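In listed order, ligands and their atoms are each counted from 1. A quick note: this is a predicted structure, and the numbers were derived from the prediction, not measured.
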Amino acid sequence: MAGNWKMYKNAAETASFFEAFRPVVAGTRDREVVICPPFVNLPAAVDATKGSNVEIGAQNLYWEKEGAFTGEVSAPMLAAIGVKWVIIAHSERRQFFGETDETAHKKILAALAAGLRPIVCVGELLADREANKTNAVLERQFKGGIAALTAEQFGKIVIAYEPVWAIGTGKTATPQIAADAHRFIREQARGVYGAEAAEALRILYGGSVKPDNVRELMAQSEIDGVLVGGASLKPEGFASIVNY
Ligand code: PEP
């Protein structure tokens with residue numbers, strides 16, 4: 001159950017979120033809980049969650065270890081401060097910052113080499129869905145960004161299916177639409193890595209998940225978890241999603 005804070009919350013707001021959030025998920029044992037704040041608040045978030053069942057993720061990284069790359073942050077830098085996860089190729093990064101399947105692949109490799117767990121985002125635009133191209137887009141993203149991983153590397157990633165038309169729009173995919181896309185992604189995984197690896201793959205759904213729709217989404221056996229943007233910003237709301 002992962003929360004993506006996008007470009008929200010300052011240091012003080014980060015601290016008060018975790019003060020309220022930690023106790024309400026303290027008893028949650030059978031699922032992993034991850035929050036991905038902006039870079040600048042990662043140290044505070046790691047500190048605030050020490051000794052708890054909440055892990056911290058970044059929202060992005062750059063694939064080189066270090067160098068003259070002004071404004072970028074590397075995977076080893078994130079790992080060194082206790083970050084455990086990283087979102088890769090979120091649709092907002094693909095749309096606004098020019099990320100591609102190729103850069104996604106480089107970032108996955110860099111994350112894994114530093115011991116970070118990648119949450120790799122895929123998903124179609126509204127125009128793709130309307131043109132009946134959803135599966136073609138998912139296949140292209142899988143082949144271009146993921147399929148060249150070794151089986152061992154593949155076993156460490158989580159995929160998030162996030163239809164772009166459902167992100168931040170209040171339009172959630174129906175459980176059926178989400179499950180169909182997850183099934184298709186799992187078929188891609190089966191084709192490259194075999195049945196066992198495909199079964200073990202965790203696929204999160206993301207796109208306007210809220211406390212009042214999480215249950216019907218999670219009732220789909222194809223949906224293993226959720227990646228939540230807006231509704232992860234309030235401690236009580238996100239806790240009720242985590243403990244749906
Ligand atoms: C996201 O940022 O990954 C996301 C799914 O956002 P929202 O839940 O706000 O649609």
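Pairs of residues two or more places apart, or lying in two chains, that qualify as salt bridge (charged side-chain N to carboxylate O under 4.0 Å, His left out) and include a residue from residues 193-207 are Glu32-Arg202.
Residues that satisfy the side-chain hydrogen bond (donor to acceptor under 3.5 Å, both in side chains) test with Glu102, not counting sequence neighbours, are absent from this structure.
For ligand 1, the protein residues within 4.0 angstrom (heavy atoms only) are Asn4, Lys6, His90, Glu162, Ala166, Ile167, Gly168, Gly206, Gly207, Ser208, Leu227, Val228, Gly229, Gly230.
Its side chain within the 4.5 Å cluster rule, Trp63 clusters with Tyr62, Phe69 among the Ile, Leu, Val, Met, Phe, Trp and Tyr residues.
Taking the ring axis of Phe97 as reference, the NZ or CZ atom of Arg93 stays within 45° of it and closer than 6.0 Å to the ring centre.
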> Could you walk me through whether Glu124 and Lys133 pass the salt bridge (Lys or Arg N to Asp or Glu O under 4.0 Å) check?
Replying inline: CA-CA 8 Å; Glu124 80 286 1; Lys133 288 189 182 148; over 6 Å; no
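Side-chain N/O atoms of Tyr161 and Gln141 include no donor and acceptor closer than 3.5 Å.
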